[in-house]
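First up is the structure itself, then whatever we jot down about it.
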Protein chains: 2
Amino acid sequence: MTIREVARRAEVSIATVSRVLNHSKPVSEELKRRIEQAVREMGYLPNAVAQSMIQKRTGLIGVIVPEISNPYFSGLVEGIESVAHQHQSHIMLAISQKDPRREMDLLRIFQARQMDGIILAAARIDGELRRAVASLTIPYVLIGQRPTGLRALCIQVDNRRAAGEVIEHLMEKGHRRIGMISGPMWDLASGRERYEGYRDALWKAGKTPRPEWIAEEASFRLKDGVKGMEKILRADEPPTAVFCACDRMAVGAFQALESRGVRVPEQIAVAGFDDEEVATLIKPRLTTVRHSPFEMGRKATEGLMSILQEEESSPDEVIQIGHEPVVRESTTSVGE
Amino acid sequence: MTIREVARRAEVSIATVSRVLNHSKPVSEELKRRIEQAVREMGYLPNAVAQSMIQKRTGLIGVIVPEISNPYFSGLVEGIESVAHQHQSHIMLAISQKDPRREMDLLRIFQARQMDGIILAAARIDGELRRAVASLTIPYVLIGQRPTGLRALCIQVDNRRAAGEVIEHLMEKGHRRIGMISGPMWDLASGRERYEGYRDALWKAGKTPRPEWIAEEASFRLKDGVKGMEKILRADEPPTAVFCACDRMAVGAFQALESRGVRVPEQIAVAGFDDEEVATLIKPRLTTVRHSPFEMGRKATEGLMSILQEEESSPDEVIQIGHEPVVRESTTSVGE
DNA sequence: CTGTTAGCGCGTTCAT
DNA sequence: ATGAACGCGCTAACAG
């Protein structure tokens, strides 16, 4: 079923059919009628692959995320898709499982497949992957981090500042011994930034947290929160408040505290990060930082689209997405 | 950057370059060496769009889901992607927002874009959409439902049976007055199936639930669970156990019960469906039905792939995905 | 083994 | 306003 068959049926040339289909040039009412009828009768659909080849535009955005069963990334993808849809574009979604080699492969594949642009939300962009990104020949946007020495549009949350605000909140509540359950420092860039925000906020207040108050776990899962809190509770003089790198770990921390009979927030205040749905489902409800992965996805895609339209090269810009501390019952206590 | 330039640089014909790149025909070591060197030096990448056009195979699977910020669908997509990846294929992901018109548009677009196959996880497939699916010219797999009069491969959970098992569990616990908080009957197909499983299980046991024990809410969200439970509590003689169409609604039911000082499971037992992560995070932990959206995605894609390879037409088969009731503290009580 | 050529389906000149 | 012919980048069939 090609344009040629439509042309034959309508007894016109393929050029005329193309003109009617694309409204590219005026065509007499008579021929237009015959062509539209033929198209309708045959249920003809233009081959988008052939169109892409000529127009040198696929209307496809390549999206790489480490995982998707995680509200952060699914929200991100939903934001991306919504803007792509507005621009008549579609997304090719690939899940890297945090594997840098797979991420590099995907960059190659997306280039070969002539994506109009790429949105990369990799766990960490450095080493070989950083070089691969740098040598990309198509427009791209980075999510969640700003790799050094890479001119690019980056969309991220100001993790450092947001974490600092949580710590300030805890200090206002009177807490002086504040610990943190952190994920791996070198996995997600945001992990390290949240730790630095914690550290610097204390530092600015003239405090230095004891090493025993800081648990650096192997991943960001719930069980790591459990382990982290258990570790912290073993300190000679445990902290009165603990900041967790993400809500999921905070839930784990809750569980560890509960199984030891430590009450939140009366004995230990707990704060998280991300404001996932679970933050309002557990008791006490969790103080955390709200931000919008959906909005990040939107902004990233809008940025990409404007690059595509204006034919700009990489704008080397960082767009910070808004965040907002949300105070709930898990930190209403006043420390010592 | 085309194959022609590579050929020129290696001083061979484009056909020879193609042969080396695709290992399709033997080429002398000498030429092979020169070509591979040229490819490396130029960083040449074959244009996958041009390849698709010739091979009549894009290596692309179109995936339609109503939403993605929902563990069910993100798990599904992750399963699909994992198998697609094994088969060197990629996925084009589209989010329909449950809009049947958008779903129909997407079917057209996916056909125009020459997808190798389509996986459709629509909320409901009927009316115009059902006709659009039926007239699809490319292989497809349906997720979560079995529309009448449609020969197709369908992957689903046996919602009826699973819901029945939950009810049986409740009856074994001694419950005789069992209610249900259901979502809209005509939105998701699974919603109705779960209700029917509930109804039939009671019917088989010779019981007929009172209408006041059944709350049919407008959607499957948490707040609908709250409303549903409030409604049920207004009954003259409230049930001693309530089955909820999904875990999220069960959480809402928990909240409604808590705000009224009704204790779970001592005064009312509550069960859910889906075994989302939250089921183990709330207290008491939720009795529910575990099944694997990831596995559904895998099975769907494997089915699709075998259709593609064997050139079979629609196999008109229903594959039931395993499920397993998970009994936790929310139903440990013994009813009256 | 290697090179030349003919399309894949379509948009777009260029004549008419 | 319309049609014939070319080419997008590549693979495959055909010669040599």
Side-chain angles (χ1 to χ4, degrees), chain A residues 1-39 42-60 88 108-116 137-138, chain B residues 1-39 42-60 88 108-116 137-138:
Chain A
M1 170 81 50
T2 75
I3 196 175
R4 218 171 301 274
E5 304 175 44
V6 176
R8 193 175 310 143
R9 177 161 188 138
E11 295 177 309
V12 295
S13 75
I14 62 170
T16 309
V17 176
S18 174
R19 280 165 194 140
V20 172
L21 258 32
N22 303 312
H23 311 286
S24 51
K25 297 234 165 167
V27 172
S28 71
E29 283 305 319
E30 163 62 9
L31 293 195
K32 191 181 294 187
R33 205 188 47 69
R34 283 188 357 226
I35 290 169
E36 281 167 351
Q37 181 180 344
V39 166
M42 308 175 67
Y44 168 74
L45 236 45
N47 182 325
V49 175
Q51 290 179 322
S52 298
M53 189 144 114
I54 297 185
Q55 298 168 178
K56 290 163 188 319
R57 177 184 176 286
T58 53
L60 249 35
Q88 333 268 33
R108 285 179 59 85
I109 292 170
F110 282 175
Q111 287 192 99
R113 281 187 181 271
Q114 315 293 119
M115 299 290 104
D116 291 343
T137 59
I138 54 184
Chain B
M1 170 83 47
T2 76
I3 197 176
R4 219 171 299 275
E5 304 176 42
V6 176
R8 195 174 311 142
R9 175 157 189 141
E11 296 177 308
V12 295
S13 74
I14 60 171
T16 309
V17 176
S18 174
R19 282 167 194 138
V20 173
L21 259 30
N22 303 312
H23 311 285
S24 51
K25 297 235 164 164
V27 172
S28 72
E29 283 304 319
E30 165 61 9
L31 293 193
K32 191 181 294 185
R33 205 187 49 69
R34 268 162 43 198
I35 290 169
E36 282 167 350
Q37 181 180 345
V39 166
M42 307 173 70
Y44 167 76
L45 236 46
N47 183 326
V49 175
Q51 290 178 322
S52 299
M53 187 143 116
I54 300 183
Q55 298 168 176
K56 290 162 185 321
R57 175 182 177 286
T58 53
L60 251 34
Q88 333 269 35
R108 285 178 58 84
I109 291 171
F110 282 175
Q111 286 190 101
R113 281 186 180 272
Q114 314 294 120
M115 299 289 104
D116 292 343
T137 57
I138 53 183

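With dA1(D), dG3(D), dG9(C) as the candidates, the nucleotide lying closest to the side chain of Ser13(A) is dG3(D). Each of dT2(D), dG9(C), dG11(C) was ranked by its minimum atom distance to the side chain of Thr2(A); first place goes to dG9(C). Side-chain proximity of Arg19(B) to the nucleotides dA4(D), dG9(C), dG3(C) is greatest for dG3(C). Nearest to the side-chain atoms of Thr16(B) among the listed nucleotides dG9(D), dT11(D), dG3(C) stands dG3(C). Distance from the side chain of Val12(B) is smallest for dG3(C) among the nucleotides dG3(C), dG9(C), dC10(D).
Atom P of nucleotide dG3(C) and atom CZ of Arg8(B) are separated by 14 Å, given to the nearest angstrom. Rounded to a whole Å, the CZ atom of Arg4(A) is 11 Å from the C1' atom of dA5(D). Following rounding to the nearest Å, Ile35(A) (CD1) and dA1(D) (P) show an atom-to-atom distance of 14 Å. Atom P of nucleotide dG9(D) and atom CD of Glu5(B) are separated by 8 Å, given to the nearest angstrom. Between the CG atom of Asn47(B) and the C1' atom of dG9(C) there is a distance of 14 Å, given to the nearest Å. Note: NZ (Lys25(B)) to C1' (dA13(D)) measures 8 Å, nearest angstrom. The CD1-C1' distance, from Ile3(B) to dG7(D), rounds to 16 Å in whole Å. Nucleotide dC1(C) holds its P atom 16 Å from the NE2 atom of His23(B), rounded to whole Å.
At least one side-chain heavy atom of Ile35(B) sits under 4.5 Å from a side-chain heavy atom of Thr16(B). At least one side-chain heavy atom of Val39(B) sits under 4.5 Å from a side-chain heavy atom of Leu21(B). In this structure, the side chains of Val49(A) and Thr58(B) come closer than 4.5 Å at one or more pairs of heavy atoms. Taking 4.5 Å as the limit, some side-chain heavy atom of Val17(A) sits within range of a side-chain heavy atom of Val12(A). Side-chain contact between Ile3(A) and Ser18(A): present, with at least one pair of heavy atoms (C-beta onward) separated by less than 4.5 Å.
Near DNA chain D, defined here as any heavy-atom distance below 4.0 Å, the residues from residues 49-56 of chain B are Ala50(B), Gln51(B), Ile54(B), listed numerically.
Taking side-chain N and O atoms only, Asn22(A) has a distance below 4.0 Å to OP1 or OP2 of dG11(C). Look at Ser24(A) and you won't find any side-chain N or O under 4.0 angstrom from OP1 or OP2 of dG11(C). Residue Tyr44(A) has no polar side-chain atom (N or O) positioned under 4.0 Å from OP1 or OP2 of dG9(C).
Across all strands, Ser18(A) comes closer than 4.0 Å to base atoms (heavy-atom distances). Residue-level contact check: Ile14(A) touches the bases, meaning some heavy atom is under 4.0 Å from a base atom.
The two residues Arg4(B) and Ile14(B) come nearest to each other via the heavy atoms CA-CG2, 3.7 Å.
Among Glu36(A), Glu29(A), Glu30(A), the one residue that satisfies the salt bridge (charged side-chain N to carboxylate O under 4.0 Å, His left out) test with Arg33(A) is Glu30(A).
When only modelled atom types and interatomic distance are considered, Ser52(A) and Gln114(A) share no side-chain donor-acceptor pair under 3.5 Å.
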